[in-house]
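Below is one structure, written out as structure tokens, with a few remarks after it.
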Amino acid sequence: MATIKENLSNVYKKIEEACAKSGRKTDEITLLAVTKTVPVERIREIMDLGVICLGENRVQELLSKYDELPDARWHIIGHLQTNKVKSIIGKTELIHSVDSIRLAEEIGRQSVNKGIITDILLEVNVSGEESKYGMTLDFVDEMIDNCTRIEGINVRGLMTMAPLGAEETEIRRIFSSLYKKYVDISTKKYDNISMEYLSMGMSGDFHIAIEEGANIVRVGRGLFQ
Ligand SMILES: *Cc1c(COP(=O)(O)O)cnc(C)c1O
């Protein structure tokens with residue numbers, strides 16, 4: 001089995017290659033280490049190697065690791081239930097998985113209560129796969145309109161997942177249509193909406209995502225397995 005250090009250098013190499021191929025700079029790309037099911041000891045190893053942005057799917061798991069890793073910057077990347085929002089407000093750098101007005105409103109309400117503003121991304125189900133969370137691409141504009149009137153949140157970009165096992169051309173099509181949407185929204189002016197982060201790509205497809213415009217990639221197995 002490869003060490004975390006070896007895995008990390010492979011991932012960095014792939015990021016560099018994808019950047020070179022698409023004329024981008026590596027320092028534009030944030031590597032998010034997805035630490036679901038990874039014990040704190042192994043997470044410390046990767047943090048010692050300089051990766052401090054961590055992604056968790058489940059609130060409970062994030063909270064169980066939170067106190068032990070005070071230097072981590074936590075990202076929620078999995079489906080978030082409204083009744084769990086209160087427990088993580090103020091503890092996240094970015095919530096990637098906001099997919100409904102109700103959820104955005106609850107994040108706003110709890111943030112206002114705490115006197116803070118929470119940064120979020122809107123999760124889009126580009127492929128329209130039924131098993132997936134996320135709003136349809138068609139709904140994004142309406143969602144943005146709704147978010148402009150919600151206090152306590154800043155929408156900082158978009159997130160998507162490609163279907164598992166899809167062909168490369170299909171994955172590319174999905175990533176590039178979200179990139180188009182991202183660029184389209186970024187030309188508009190809103191108070192609490194800005195398009196700075198495009199979170200796309202996991203272990204199997206992050207190189208494609210970078211070529212198609214992602215600036216946050218979420219890698220789990222590629223680092224810890
Ligand atoms: C698990 C997960 C990842 C990482 O997947 P790997 O294939 O392990 O790299 C990325 N994003 C989300 C939303 C996930 O749930």
Side-chain angles (χ1 to χ4, degrees), residues 1-15 17-18 29-39 42-43 45-47 49 51-65 72-81 84-85 88 92-100 103 107 119-135 156-168 170-172 174-175 178-179 182 197-225:
M1 213 169 93
T3 63
I4 288 178
K5 194 173 176 181
E6 287 164 344
N7 284 341
L8 181 61
S9 92
N10 279 332
V11 168
Y12 279 146
K13 209 168 90 203
K14 272 182 130 177
I15 292 176
E17 283 166 6
I29 314 293
T30 298
L31 172 62
L32 186 66
V34 176
T35 52
K36 60 183 179 214
T37 75
V38 178
R42 305 217 348 123
I43 301 176
E45 247 184 87
I46 204 157
M47 290 183 75
L49 296 166
V51 179
I52 57 166
C53 294
L54 310 180
E56 285 284 344
N57 281 57
R58 293 171 57 243
V59 167
Q60 223 46 53
E61 192 171 345
L62 189 161
L63 293 176
S64 76
K65 294 170 178 170
R73 298 188 188 165
W74 292 104
H75 292 226
I76 293 265
I77 60 173
H79 182 64
L80 178 58
Q81 288 170 296
K84 299 268 173 66
V85 166
I88 47 116
T92 60
E93 176 165 68
L94 191 59
I95 300 175
H96 294 225
S97 42
V98 177
D99 61 355
S100 70
L103 179 57
I107 294 170
D119 286 336
I120 66 170
L121 304 181
L122 304 181
E123 179 172 1
V124 186
N125 178 358
V126 181
S127 64
E129 248 191 318
E130 273 190 28
S131 58
K132 276 218 158 60
Y133 292 109
M135 68 197 77
R156 310 273 312 255
L158 307 175
M159 179 270 222
T160 198
M161 279 169 94
L164 274 179
E167 301 263 338
E168 180 170 331
E170 170 71 357
I171 295 174
R172 228 173 250 290
I174 287 167
F175 289 160
L178 195 64
Y179 179 73
Y182 172 83
Y197 301 117
L198 186 57
S199 168
M200 315 192 288
M202 315 186 354
S203 295
D205 55 19
F206 70 86
H207 57 296
I208 305 174
I210 290 171
E211 288 170 32
E212 299 301 334
N215 57 17
I216 302 180
V217 293
R218 309 178 307 265
V219 181
R221 288 169 303 140
L223 292 170
F224 296 107
Q225 239 175 38

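First listed ligand is number 1; within each ligand, the first listed atom is number 1.
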Closest approach of any protein heavy atom to [atom], naming residue and atom:
| atom | result |
| --- | --- |
| atom 6 (P) of ligand 1 | Ser203 OG, 3.4 Å |
| atom 5 (O) of ligand 1 | Met202 CE, 3.4 Å |
| atom 8 (O) of ligand 1 | Arg221 N, 2.8 Å |
| atom 11 (N) of ligand 1 | Arg218 NE, 2.8 Å |

#### Entry: From Val85, Leu103, Ile107, residue fulfilling side chain to side chain contact (heavy atoms under 4.5 Å, CB included) relative to Ile95
Ile107
So do the side chains of [X] and [Y] get within less than 4.5 Å of each other, counting heavy atoms only?
| X | Y | answer |
| --- | --- | --- |
| Leu121 | Leu158 | no |
| Ile29 | Phe206 | no |
| Asn7 | Val219 | no |
| Ile4 | Leu223 | no |
| Arg218 | His96 | yes |

## Note on the structure
Quick look: His96 vs ligand 1, heavy-atom contacts under 4.0 Å, and the answer is neither
### Query
Should the proximity of Asn57 to ligand 1, defined as any heavy atom under 4.0 Å, be assigned to the side chain, the backbone, both, or neither?
side chain
Need the ligand 1 atom indices (1-based, order shown) with element for anything under 4.0 Å from a heavy-atom of [X].
| X | result |
| --- | --- |
| Lys36 | 1 (C), 2 (C), 3 (C), 14 (C), 15 (O) |
| Val219 | 9 (O) |
| Met161 | 13 (C) |

### Task
Give the single entry among Ile77, Val38, Leu32 that approaches atom 12 (C) of ligand 1 most closely by any heavy atom.
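Selected option, by shortest heavy-atom distance: Ile77.
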### Message
When you compare ligand 1 with Gly204, is there at least one nitrogen or oxygen pair between them that comes in under 3.5 angstrom?
### Response
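No, since none of the N or O atoms of Gly204 sits under 3.5 Å from an N or O of ligand 1.
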### Query
Could Glu17 and Lys13 be called an ion pair, given the rule that one side-chain N must be under 4.0 Å from one carboxylate O?
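Looking at Lys13 together with Glu17, the answer is no, because their closest N to O distance does not fall below 4.0 Å.
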### Message
Any carboxylate oxygen within less than 4.0 angstrom of a Lys/Arg side-chain nitrogen, looking at Glu123 and Lys132?
### Response
no
